[in-house]
Amino acid sequence: DGGITQSPKYLFRKEGQNVTLSCEQNLNHDAMYWYRQDPGQGLRLIYYSQIVNDFQKGDIAEGYSVSREKKESFPLTVTSAQKNPTAFYLCASNDRAPNEKLFFGSGTQLSVL
Amino acid sequence: KQEVTQIPAALSVPEGENLVLNCSFTDSAIYNLQWFRQDPGKGLTSLLLIQSSQREQTSGRLNASLDKSSGRSTLYIAASQPGDSATYLCAPQYRDGKLTFGQGTILTVHP
């Protein structure tokens with residue numbers, strides 16, 4: 001089945017630790033996105049990539065880093081510089097062609113110990 | 001800054017009612033607009049996508065309309081069912097490819 005796989009489903013971070021969230025897609029999509037969702041709020045864009053080896057900052061990129069070495073993969077690292085990392089993280093992808101629906105993974109809940 | 005507002009924030013209705021969810025956006029230079037459904041603790045599922053040149057899209061009991069000039073979109077749900085209970089989010093997409101999300105409407109349909 002085609003889709004987007006996020007792992008792990010739950011992740012705990014100790015203070016000062018960097019953690020990496022995985023996102024893999026087998027939809028052959030060019031564009032991939034990372035969003036953060038806080039309780040009762042809409043999604044906010046962290047980073048996005050429209051092609052391999054290229055990515056851009058979204059609205060809240062500080063304290064996060066990404067890489068796009070393969071078309072299928074877009075991992076997100078939450079660094080120790082992100083002081084309030086507790087949130088639900090969602091990965092998404094779509095084709096770069098106009099008017100293509102956005103597909104989402106099932107999310108990773110990150111909490112601070 | 002692009003902003004998206006959804007009204008109401010929450011809605012609780014008995015089964016069978018026809019519903020209207022509203023979405024307004026400040027920047028009308030949109031490429032398209034999508035409506036999504038999110039179940040608790042899950043990812044989002046795209047329900048409908050309306051292109052900027054279109055006025056409405058329909059899928060089953062769902063109908064979405066778009067008035068680009070006034071910066072508004074409406075999602076109609078006909079004959080609501082308990083299985084429709086979820087959070088509904090709208091998101092206009094702009095030419096840079098980015099989507100801006102509203103905070104969502106939490107819908108509860110009780111038997």
Side-chain angles (χ1 to χ4, degrees), chain A residues 3-11 21 23-25 27 29-51 54-61 87-111, chain B residues 1-10 21 23-27 29-54 57 59 62 64 66 68 86-107:
Chain A
I4 302 175
T5 301
Q6 289 188 243
S7 62
K9 187 169 178 62
Y10 300 98
L11 186 58
L21 284 62
C23 178
E24 303 278 333
Q25 55 100 358
L27 300 168
H29 286 163
D30 288 311
M32 297 186 74
Y33 310 80
W34 274 107
Y35 290 92
R36 169 180 171 141
Q37 186 176 34
D38 293 279
Q41 297 192 28
L43 280 66
R44 293 183 290 169
L45 183 64
I46 305 172
Y47 269 98
Y48 64 107
S49 168
Q50 296 189 325
I51 198 167
D54 187 42
F55 50 83
Q56 287 79 39
K57 293 182 179 180
D59 301 318
I60 55 165
F88 190 52
Y89 290 85
L90 288 159
C91 178
S93 72
N94 64 0
D95 248 327
R96 290 180 63 194
N99 298 313
E100 290 293 324
K101 287 186 176 182
L102 194 60
F103 291 81
F104 279 85
S106 56
T108 293
Q109 176 64 51
L110 175 62
S111 302
Chain B
K1 180 183 176 184
Q2 299 151 351
E3 293 185 358
V4 179
T5 303
Q6 291 190 243
I7 296 173
L21 308 182
C23 171
S24 61
F25 42 95
T26 54
D27 185 350
I30 66 171
Y31 207 62
N32 60 55
L33 184 142
Q34 290 186 64
W35 281 93
F36 294 87
R37 169 184 173 138
Q38 185 179 29
D39 294 292
K42 306 289 186 183
L44 280 68
T45 300
S46 182
L47 298 171
L48 291 164
L49 183 150
I50 312 176
Q51 298 178 32
S52 61
S53 59
Q54 296 176 325
Q57 277 286 332
S59 176
L62 305 179
L66 175 65
K68 182 181 169 183
T87 298
Y88 292 81
L89 299 101
C90 71
Q93 184 176 23
Y94 296 89
R95 291 195 178 270
D96 60 5
K98 295 193 290 184
L99 282 75
T100 300
F101 284 83
Q103 294 184 337
T105 293
I106 302 172
L107 173 64

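To find a chain, count down the sequence lines: A is the first, B the second, and so on, and within it residues start at 1. Below, each value reflects all heavy atoms present in this structure, side chains not excepted, and no hydrogens, waters or symmetry copies. Remember, it's a predicted structure, so these values are computed and weren't measured experimentally.
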*Partners meeting side-chain contact (heavy atoms from CB on, under 4.5 Å) with A:Leu11 (sequence neighbours left out)*: A:Pro8, A:Val19, A:Leu21, A:Thr108, A:Leu110

*For A:Phe88 and B:Gln38, work out which heavy atoms get closest and say how close.*
CE2-NE2, 4.0 Å

_Taking every non-hydrogen atom, the tightest pair across B:Gly41 and A:Lys9_ = O-NZ, 4.0 Å

So what's closer than 4.5 Å to chain B heavy atoms on [X]: side chain, backbone, both or neither?
| X | answer |
| --- | --- |
| A:Leu90 | side chain |
| A:Gln109 | neither |
| A:Gln37 | side chain |
| A:Leu45 | side chain |

_Does any backbone or side-chain atom of B:Leu47 lie under 4.5 Å from a heavy atom of chain A? Answer side chain, backbone, both or neither._
backbone

*B:Gln34 versus chain A, heavy atoms under 4.5 Å apart: side chain, backbone, both or neither?*
side chain

*For B:Trp35, which residues count as a side-chain hydrogen bond (donor to acceptor under 3.5 Å, both in side chains) partner, sequence neighbours excluded?*
B:Ser73

Can you tell me how far apart [atom1] ([X]) and [atom2] ([Y]) are? Round to the nearest 0.5 Å.
| X | Y | atom1 | atom2 | answer |
| --- | --- | --- | --- | --- |
| A:Tyr35 | B:Phe101 | OH | CZ | 4.5 Å |
| B:Asp96 | A:Tyr48 | CG | OH | 5.0 Å |
| A:Lys101 | B:Leu44 | NZ | CG | 13.0 Å |
| A:Tyr33 | B:Lys98 | OH | NZ | 10.5 Å |
| B:Leu99 | A:Asn94 | CG | CG | 7.5 Å |

*Name the option with the most non-hydrogen atom pairs under 4.5 Å to chain A; the candidates are B:Gln93, B:Gln51, B:Arg95.*
B:Gln51

*Which one of B:Gly104, B:Ser46, B:Gly102 has the most heavy-atom pairs closer than 4.5 Å to chain A?*
B:Ser46

